[in-house]
Amino acid sequence: MFRALCTIKPRTSTPHRSVLLSQPKIQAARSIQLHNKRNMSTSRKVVKKVLSVETDEGAGAKVRRSIGTPQLKNLTPFLMLDHFYTPSGAGFPDHPHRGQATVTYMLEGVSLHEDSAGHKGKIEAGGVQWMCAGRGIIHAEMPQSGNGLPDPRGLQLWIDLPKEFKMVEPSYQELGPAEIPTAYPQGEDGPVKIKVISGKSHGVESPVRPLGGCWYFHVIFNKTGTIFQDIPAGWTTFLYTLKGSVRVGSDSTPHGPFNTLVLSAAPDQTGVELTATEDNTEFIMVAGQPLDQTVVQYGPFVMTSREEIQKTFIDYQYGRNGFEKAHTWKSEIGHM
């Protein structure tokens, strides 16, 4: 229907010739690109460091908690971070939620899930479940062990929901290990890969769409190296170290396992420079859009006022507004 508004002249310049580069030249070119990006970008830095100490939680589970402790509160939009280990028979039986999202990422082993809305699932090692609790749900999370399975280990992050989404219907986004896209900042033969659980990294985007801005990456260095990861301006960002040792920005301090590193968020800091100082270094990096709202939390209930929390108690007590099965539903996996 539309006609072209311009003409295309025949090409008269010398025909393009393809050039095949050797692997060392490719790596050198990528190093130059990284150097140029560093010169144009300003890295965030570590402003707070909290070591996570293992404690008991749930029915026999072991948990390293950082966010949500007295040492690290008010890290909007993040409410809690648990690095859990569940010996045989341990787990998290039936319990309610309202007003937040819970993100469960399995590092080893398998975990089963079941809820009062009829949803059942299994999270395998390298897989993620992004659950929006919304107005209310009751569920059980029971990691599986025995029968040759490795002991379950994973991470669970609680993220506050924006006020306008706190009473939405519960929903799930689940990705198996093969469904989580992977970015290779320096090529597939390079020293690092990034599992993009949510958000964007080096041209790769996750299909997960949280309610509220949140990027979640699992960064894996098999060799020492350096990358620069872009982060939206002003977002709250932290790292949690799993293995090896990492430096942040221009600071020469190495950070070992089980530390939560809160990063600065100055307006001119466009991202973060990350350097693995040991082979086989792994950590997660999570960035979230801060929420300008009050947090009133009572256990698994997270609202924005005391009145809303009191209403949640009443809803749970009388079995309504998302808690209709509060006193009748029992999970199968939580009572095996």
Side-chain angles (χ1 to χ4, degrees), residues 67-68 75-84 92 95-143 152-183 194-201 204-219 231-232 235-238 240 242 283-291 300-302 322 333:
I67 300 173
L75 195 66
T76 177
F78 308 114
L79 301 165
M80 187 190 80
L81 176 66
D82 280 356
H83 181 189
F84 62 85
F92 307 93
H95 59 279
H97 284 281
R98 174 181 276 183
Q100 80 273 65
T102 65
V103 183
T104 305
Y105 178 56
M106 292 300 294
L107 299 169
E108 299 177 35
V110 174
S111 182
L112 300 181
H113 173 271
E114 182 183 354
D115 70 30
S116 56
H119 181 85
K120 294 182 180 181
K122 179 170 69 174
I123 314 171
E124 299 177 334
V128 65
Q129 179 193 78
W130 202 294
M131 183 187 84
C132 171
R135 64 199 292 261
I137 202 162
I138 306 159
H139 75 161
E141 304 157 286
M142 300 300 292
R153 301 176 188 270
L155 298 164
Q156 186 167 94
L157 175 67
W158 288 15
I159 308 170
D160 197 12
L161 287 174
K163 182 178 176 65
E164 62 268 28
F165 296 133
K166 284 191 174 288
M167 295 300 287
V168 299
E169 291 295 328
S171 62
Y172 292 90
Q173 299 177 77
E174 296 173 317
L175 297 178
E179 297 172 309
I180 297 177
T182 302
I194 302 175
K195 295 188 66 178
V196 187
I197 297 167
S198 70
K200 304 175 184 178
S201 178
V204 176
E205 184 171 359
S206 170
V208 172
R209 295 291 182 268
L211 294 176
C214 183
W215 290 8
Y216 190 137
F217 308 131
H218 181 186
V219 183
I231 304 170
W235 280 23
T236 304
T237 307
F238 71 88
Y240 178 74
L242 295 166
F283 53 88
I284 64 164
M285 190 183 88
V286 187
Q289 186 173 12
L291 298 176
F301 303 143
V302 186
I333 62 173

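By the ring-ring contact (aromatic ring centres under 6.0 Å, His included) test, Phe165 is found to be paired with no residue, residues two or more places apart in sequence or in another chain being considered. In terms of the side chain to side chain donor-acceptor pair (under 3.5 Å) criterion, residue partners of Trp158 (sequence neighbours excluded) are, by chain and number, Gln156. Under the salt bridge (Lys or Arg N to Asp or Glu O under 4.0 Å) criterion, Lys120 pairs with Glu332, not counting sequence neighbours. Here Glu179 pairs with nothing under the salt bridge (Lys or Arg N to Asp or Glu O under 4.0 Å) rule; sequence neighbours left out. Scanning for ring-ring contact (aromatic ring centres under 6.0 Å, His included) contacts around Tyr216 gives an empty result, with sequence neighbours left out. Residues that satisfy the side-chain contact (heavy atoms from CB on, under 4.5 Å) test with Asp82, not counting sequence neighbours, are Val63, Arg65, Met80. For His119, the side chain to side chain donor-acceptor pair (under 3.5 Å) partners are Glu174, not counting sequence neighbours. By the side-chain contact (heavy atoms from CB on, under 4.5 Å) test, Val110 is found to be paired with Lys122, residues two or more places apart in sequence or in another chain being considered. Checked against side-chain contact (heavy atoms from CB on, under 4.5 Å), Glu205 has the following partners two or more places apart in sequence or in another chain: Lys200, Arg209. Taking the ring-ring contact (aromatic ring centres under 6.0 Å, His included) definition, one finds that His83 meets it with Tyr240, Phe258, sequence neighbours left out. With sequence neighbours excluded, no residue forms a ring-ring contact (aromatic ring centres under 6.0 Å, His included) with Phe283.
Panel note: side chain Thr236, backbone Thr76; a donor-acceptor pair is recorded below 3.5 Å. Between the Gln129 side chain and the Tyr172 main chain, no donor and acceptor come within less than 3.5 Å of each other. In this structure, the side chain of Ser201 does not engage the main chain of Val196 through any donor-acceptor pair within 3.5 Å.
Atom OG1 of Thr237 sits about 4.0 Å away from atom CD1 of Ile231, to the nearest 0.5 Å. With rounding to the nearest 0.5 Å, the separation of CD1 in Ile123 from CG in Leu175 is 11.0 Å. With rounding to the nearest 0.5 angstrom, the CG atom of Leu79 is 9.0 Å from the CG atom of Leu161. Taking CH2 of Trp130 as the start and CD1 of Ile159 as the end, the distance is 4.0 Å to the nearest 0.5 Å.
Contact detail for Phe78 and Ala287: the closest heavy-atom pair is CZ-C, 3.7 Å. Scanning all heavy atoms of the two residues, the minimum distance from Asp115 to Ala117 falls at OD1-N, 2.8 Å. Closest of all the heavy-atom pairs between Ile197 and Val208 is O-CG2, 3.4 Å. Of all heavy-atom pairs between Ala125 and Pro177, the closest is O-CG, 3.1 Å. Gln100 approaches Arg98 most closely through the heavy-atom pair OE1-O, 3.0 Å. Taking every heavy atom of both residues into account, Leu155 and Leu107 meet most closely at CG-CD1, 4.1 Å.
The shortest side-chain heavy-atom distance between Lys195 and Tyr105 falls under the 4.5 Å cut-off. With a 4.5 Å cut-off on side-chain heavy atoms, Leu242 and His218 count as touching. Side-chain atoms of Pro181 and Pro207, non-hydrogen and from C-beta on, do get closer than 4.5 Å to each other. A heavy-atom distance below 4.5 Å is not found between the side chains of Leu211 and Glu164. Here the side chains of Glu141 and Ile333 are not in contact, with every heavy-atom distance at 4.5 Å or above. No side-chain heavy atom of Ser206 sits under 4.5 Å from any side-chain heavy atom of Trp215. When side chains are defined from C-beta on, Pro77 does not count as touching Gln289, because their heavy atoms never get closer than 4.5 Å. A heavy-atom distance below 4.5 Å is not found between the side chains of Thr104 and Phe92.
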* Yes or no on side-chain contact (heavy atoms from CB on, under 4.5 Å) for Val128 and Val103, after CA distance, side-chain angles and deciding distance? -> CA-CA 7 Å; Val128 65; Val103 183; 3.8 Å; yes
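Using the six-membered ring where Trp is involved, His97 and His95 have ring planes that are perpendicular, over 60° apart on the 30 and 60° scheme.
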Atom pairs and distances, donor-acceptor, side-chain atoms in residues 131-138, under 3.5 Å, two or more places apart:
from: Arg135; atom 1: NH1; to: Glu169; atom 2: OE2; distance (Å): 3.4

